[in-house]
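The structure appears below as C-alpha cells.
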Amino acid sequence: MGTFITLEGGEGTGKSTQSALLSKNLSARGKTVLQTREPGGTKNAEEIRNLLVSGNPDSWSPVAEALLMSAARDDHLRQSIVPALENDQFVVCDRFADSTLAYQGIAGGVSPELIQALETYVVREHIPDLTLIFDIDPEVGLDRAKARGQNLEDRFERKGLTFHHKLRQAFLEIGRKNPQRCVILDASQPIKDIEAGVWQIVSERFL
Ligand code: TMP
C-alpha cells in the first residue's frame, strides 16, 4: 500500500499551497503522487463540491453538509484514492474526514454518533498515515482568504467568526487526540519555512 497524507485546517491557512509544494517535492524525489482535494477529486465529487461551497451559508444544514461531504468522499475514495494507494503511490489530499468532524461535527453541532457512523462506513480502513494540521488565528486566516480576490467558493468563510474560532479549537483537539497520526504546524510562518517543516516530517517518516 502507498502513503496517504492529508492537510487540514481552517480557512486561509495556506494548506493548498503546501499541498502543491509537498507534491512537487515528492515528485522531485521520484515518487508518484496523486495530488487531490476534498470535497472533490472526481467528477461526481466535484459536482457535489459545487453544491456545497457557494451560495448562502444557511442553504444546507450541517447534517446535510455531512451527508453530501460523505457522498463525495465515498466516490473519491473508490474512484481515485484507494486505486492510487493500491498502486503504491503517495496521495496528498487537501482536506479529508477531519474536516467533516471539525466543520460539521464539533463546530457545526452534528452528533458525534452520526459523524462516527459516516467514518465507519465511508472512510473504513483508509485512515491517513499522516495528517498535517495548519493552525492560524481565524481573523488572520479569513483576511488572507478574502485577499485572494474574487472567490465564488466562500460559503463556509461567511459562517461568522464564532464558528471559525470553534473550528480552530476543533482542529487543535483532533491533533491532540491523535498524536501518532497528526502534526500541528504554525501556519503564520513564511511559506518557505512551512515547506521545510513539512518536508522534514514527511521525509523522516516515509523516505
Ligand atoms: P477548501 O476551501 O479548503 O477547498 O474547502 C472547501 C470548503 O469545504 C471549506 O470551506 C471547508 C469545507 N469542508 C467541510 O465543511 N467539510 C468537509 O468535510 C470538507 C472536506 C470541506
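First listed ligand is number 1; within each ligand, the first listed atom is number 1. Just so you know, these numbers use all the heavy atoms, side chains as well, and skip hydrogens, waters and symmetry mates.
In this structure, Q104 is part of the shell of residues with a heavy atom less than 4.0 angstrom from ligand 1. Ligand 1 is never approached by R155 to a heavy-atom distance shorter than 4.0 Å.
Distances between N or O atoms of T100 and those of ligand 1 include at least one value under 3.5 Å. The N/O atoms of E11, backbone and side chain alike, include one that comes under 3.5 Å of an N/O atom in ligand 1.
The existence of a salt bridge linking R49 and E153 is confirmed by a sub-4.0 Å separation between a basic side-chain nitrogen and an acidic carboxylate oxygen.
Proximity annotation for atom 5 (O) of ligand 1: of E8, R73, E65, R95, R95 comes nearest, heavy atoms only.
The aromatic rings of Y103 and F171 sit perpendicular to each other, their planes meeting at more than 60°, with 30° as the lower class boundary.
Using a 4.0 Å cut-off to heavy atoms of E38, the atoms of ligand 1 that qualify are 20 (C). Residue contact check: P39 has heavy atoms under 4.0 Å from atoms 8 (O), 19 (C), 20 (C), 21 (C) of ligand 1.
Side-chain contact check for T131 and R181: at least one donor-acceptor pair (N or O, by modelled atom type) lies under 3.5 Å.
The proximity of R49 to ligand 1, defined as any non-hydrogen pair under 4.0 Å, is limited to the side chain. Looking at K15 against ligand 1, only its side chain comes within 4.0 Å, counting heavy atoms.
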Before giving the answer on side chain to side chain contact (heavy atoms under 4.5 Å, CB included), spell out for K24 and L21 the whole-Å C-alpha distance, their side-chain angles and the decisive distance to 0.1 Å.
CA-CA 5 Å; K24 187 189 79 176; L21 289 168; 4.1 Å; yes
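In this structure, D94 CG and L132 CG are separated by 11.0 Å, a value rounded to the nearest 0.5 Å.
Protein heavy atom closest to atom 13 (N) of ligand 1, with residue, atom name and distance, is M69 CE, 3.4 Å.
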